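What follows is a short report on a single structure.
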Amino acid sequence: MTLKDYTITVLGCGVMGTAVSSAILKSKVEPFPAKLIACNTTEAAATLALETLNSPIVEHSFGLESNRKAVSQADVIILACKPFMYQTIYDEVKDSLTGKQLLISLLAGTTISELTIFTPYVAKVMTNTPARFGCGTAGISFSPEAEAKYEDLVLKLIGTVGEAFKIPEKNMDAATALIGSGPAFCLLMMESLIDGGVRMGLPFEVAKLSAAKVMEGTARMVLETGDHPAALKSMVCTPGGTTIGGLLKMEDAGVRAGIARGVEEAAVISASFAKKK
Ligand SMILES: NC(=O)C1=CN([C@@H]2O[C@H](COP(=O)(O)OP(=O)(O)OC[C@H]3O[C@@H](n4cnc5c(N)ncnc54)[C@H](OP(=O)(O)O)[C@@H]3O)[C@@H](O)[C@H]2O)C=CC1
Ligand SMILES: O=C(O)[C@@H]1CCC=N1
């Protein structure tokens, strides 16, 4: 279904609400929203969102009454509060829900079935902080009602974060670990590369720029060639050279299993956020 002159209400416009809103507002997505209302509890957070989003179509809202009004105006609600807050927020705004609105949830863990208290039209999205700069990734699952009516609109709106694709809901906890938490895992790796460079005498700024560009370039090489990372890694390893020596030290320290088990742990924690039946 195509909406015209529609309003997006972002319930909880903190880090992720702002990231996804920024991506939408900076894009030329069609249909473009007529209005976006950034809702928070505090004036300080609402004002920060308004300043960060810096667009003539953005309004801000804070406090119960104002947020209820913002929800009653919404065609699309982007829910971006902490996972444990969704029930409280539902209780706050339930009288403003129309039953026809599309809910796009950015929450970790919380399931589509839990979110259908808001509306039958639910898209569960797992994206990440790079969304703010249009270089994010997003996995999307739909309730059957949302898939039938709003799939095209959600793929377009969430596509503005960078790369967006459908995944089955059973893969959402894994996606939360890899896509949602992934930037933090990559940043730990980046910090380690910088530490190594600084330890061996590189100035910090040189080490930081080098580490970031090495990770960016390596990611692009994987995407452009489509090759397995192991094949590309092998091309870097001169027999008897520096790389194989460094890699063996890292494997001795359990880096590979440490990172893979870290992803597993994040997915287990994401699954624990859903209500136990
Ligand atoms: N951070 C990340 O990298 C990622 C987070 N996520 C998911 O995104 C969601 C949001 O996380 P994040 O953006 O980091 O969290 P933030 O704390 O940055 O944002 C949450 C926002 O919700 C607002 N809020 C709280 N209570 C209410 C309420 N009753 N009514 C309206 N607004 C309210 C807060 O406003 P105020 O401060 O005024 O109370 C705050 O701005 C989480 O569910 C998380 O699982 C998913 C992927 C990545
Ligand atoms: O740490 C968290 O729980 C959230 C979800 C994914 C990234 N940040």
Side-chain angles (χ1 to χ4, degrees), residues 8-24 37-42 45-46 48-49 61-62 64 67-68 70-71 74 76-94 96-97 101-132 136-143 145-146 154 157-158 161 164 166-185 187 262-277:
I8 299 178
T9 294
V10 185
L11 261 181
C13 203
V15 171
M16 287 313 296
T18 303
V20 171
S21 301
S22 291
I24 293 171
I37 311 176
C39 300
N40 288 290
T41 55
T42 57
L48 178 65
S61 164
F62 53 90
L64 254 184
N67 289 351
R68 282 184 182 139
V71 170
V76 178
I77 298 169
I78 297 182
L79 184 65
C81 61
K82 296 292 187 195
F84 68 89
M85 285 292 298
Y86 85 90
Q87 181 74 52
T88 308
I89 292 194
Y90 167 74
D91 290 334
E92 286 173 1
V93 302
K94 63 179 178 228
S96 306
L97 297 167
Q101 292 149 323
L102 165 66
L103 182 86
I104 300 179
S105 164
L106 308 184
L107 276 52
T110 318
T111 62
I112 290 174
S113 153
E114 287 167 341
L115 294 164
T116 52
I117 53 175
F118 286 85
T119 168
Y121 306 105
V122 177
K124 178 172 161 63
V125 170
M126 182 42 59
T127 184
N128 54 20
T129 46
R132 180 167 167 195
T137 311
I140 310 173
S141 303
F142 293 92
S143 68
E145 291 84 350
V154 174
L157 281 177
I158 299 303
V161 307
K166 282 172 74 174
I167 55 171
E169 193 181 9
K170 66 172 189 220
N171 291 148
M172 265 294 169
D173 295 317
T176 300
L178 196 52
I179 298 174
S181 302
F185 302 153
L187 288 162
V263 172
E264 182 182 20
E265 176 67 9
V268 168
I269 293 170
S270 173
S272 77
F273 291 163
K275 275 194 194 130
K276 302 284 168 291
K277 290 258 158 31

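Please read these numbers as outputs of a predicted model, since none were measured by experiment.
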Exercise for the section: Identify, with sequence neighbours excluded, every residue that meets salt bridge (charged side-chain N to carboxylate O under 4.0 Å, His left out) alongside Arg132. Expected result: none
Just by modelled atom types, is the [Y] backbone N or O under 3.5 Å from a matching donor or acceptor in the [X] side chain?
| X | Y | value |
| --- | --- | --- |
| Gln101 | Ile77 | no |
| Thr110 | Ala274 | no |
| Thr9 | Ala70 | yes |

Is there a side-chain contact between [X] and [Y] (heavy atoms, below 4.5 Å)?
| X | Y | value |
| --- | --- | --- |
| Val20 | Ile158 | yes |
| Gln87 | Ile117 | yes |
| Ile24 | Ile78 | yes |

Can I get a per-line list of side-chain donor-acceptor pairs under 3.5 Å for residues 170-184, giving both atom names and the distance, sequence neighbours left out?
from	atom 1	to	atom 2	distance (Å)
Asp173	OD1	Ser270	OG	2.6
Asp173	OD1	Ala271	N	3.4
Thr176	OG1	Met172	O	2.7

Practice task
Please say which of Val71, Ile37, Leu103 ends up in a side chain to side chain contact (heavy atoms under 4.5 Å, CB included) with Leu11.
Solution key: Val71
For [X], which residues count as a side chain to side chain contact (heavy atoms under 4.5 Å, CB included) partner, sequence neighbours excluded?
| X | result |
| --- | --- |
| Phe142 | Ala123, Ile140, Ala146, Glu147, Glu151, Val154, Lys166 |
| Leu187 | Met190 |
| Glu264 | Arg261 |
| Ala49 | Cys13, Thr18, Ala38, Asn40 |

Closest heavy-atom contact between [X] and [Y]?
| X | Y | result |
| --- | --- | --- |
| Ala131 | Val161 | CB-CB, 3.6 Å |
| Gly262 | Phe185 | O-CZ, 4.2 Å |
| Phe273 | Pro83 | CD1-CG, 4.0 Å |

Problem - Residues in side-chain hydrogen bond (donor to acceptor under 3.5 Å, both in side chains) contact with Glu145, at least two apart in sequence or another chain - result: none
Exercise for the section: Using side-chain hydrogen bond (donor to acceptor under 3.5 Å, both in side chains) as the criterion, list what pairs up with Asn67, not counting sequence neighbours. Expected result: Ser61
Atom pair [atom1]/[atom2] of [X] and [Y] - distance to nearest 0.5 Å:
| X | Y | atom1 | atom2 | value |
| --- | --- | --- | --- | --- |
| Cys81 | Met16 | SG | CE | 13.0 Å |
| Leu107 | Leu79 | CG | CG | 5.0 Å |
| Lys124 | Leu106 | NZ | CG | 9.5 Å |

Exercise for the section: Take Leu157 and Ile104, measure what side chain to side chain contact (heavy atoms under 4.5 Å, CB included) needs, and give me the verdict at the end. Expected result: CA-CA 10 Å; Leu157 281 177; Ile104 300 179; 4.2 Å; yes
Exercise for the section: Apply ring pair (Phe, Tyr, Trp, His ring centres under 6.0 Å) to Tyr90 and list each qualifying residue two or more places apart in sequence or on a separate chain. Expected result: Phe118
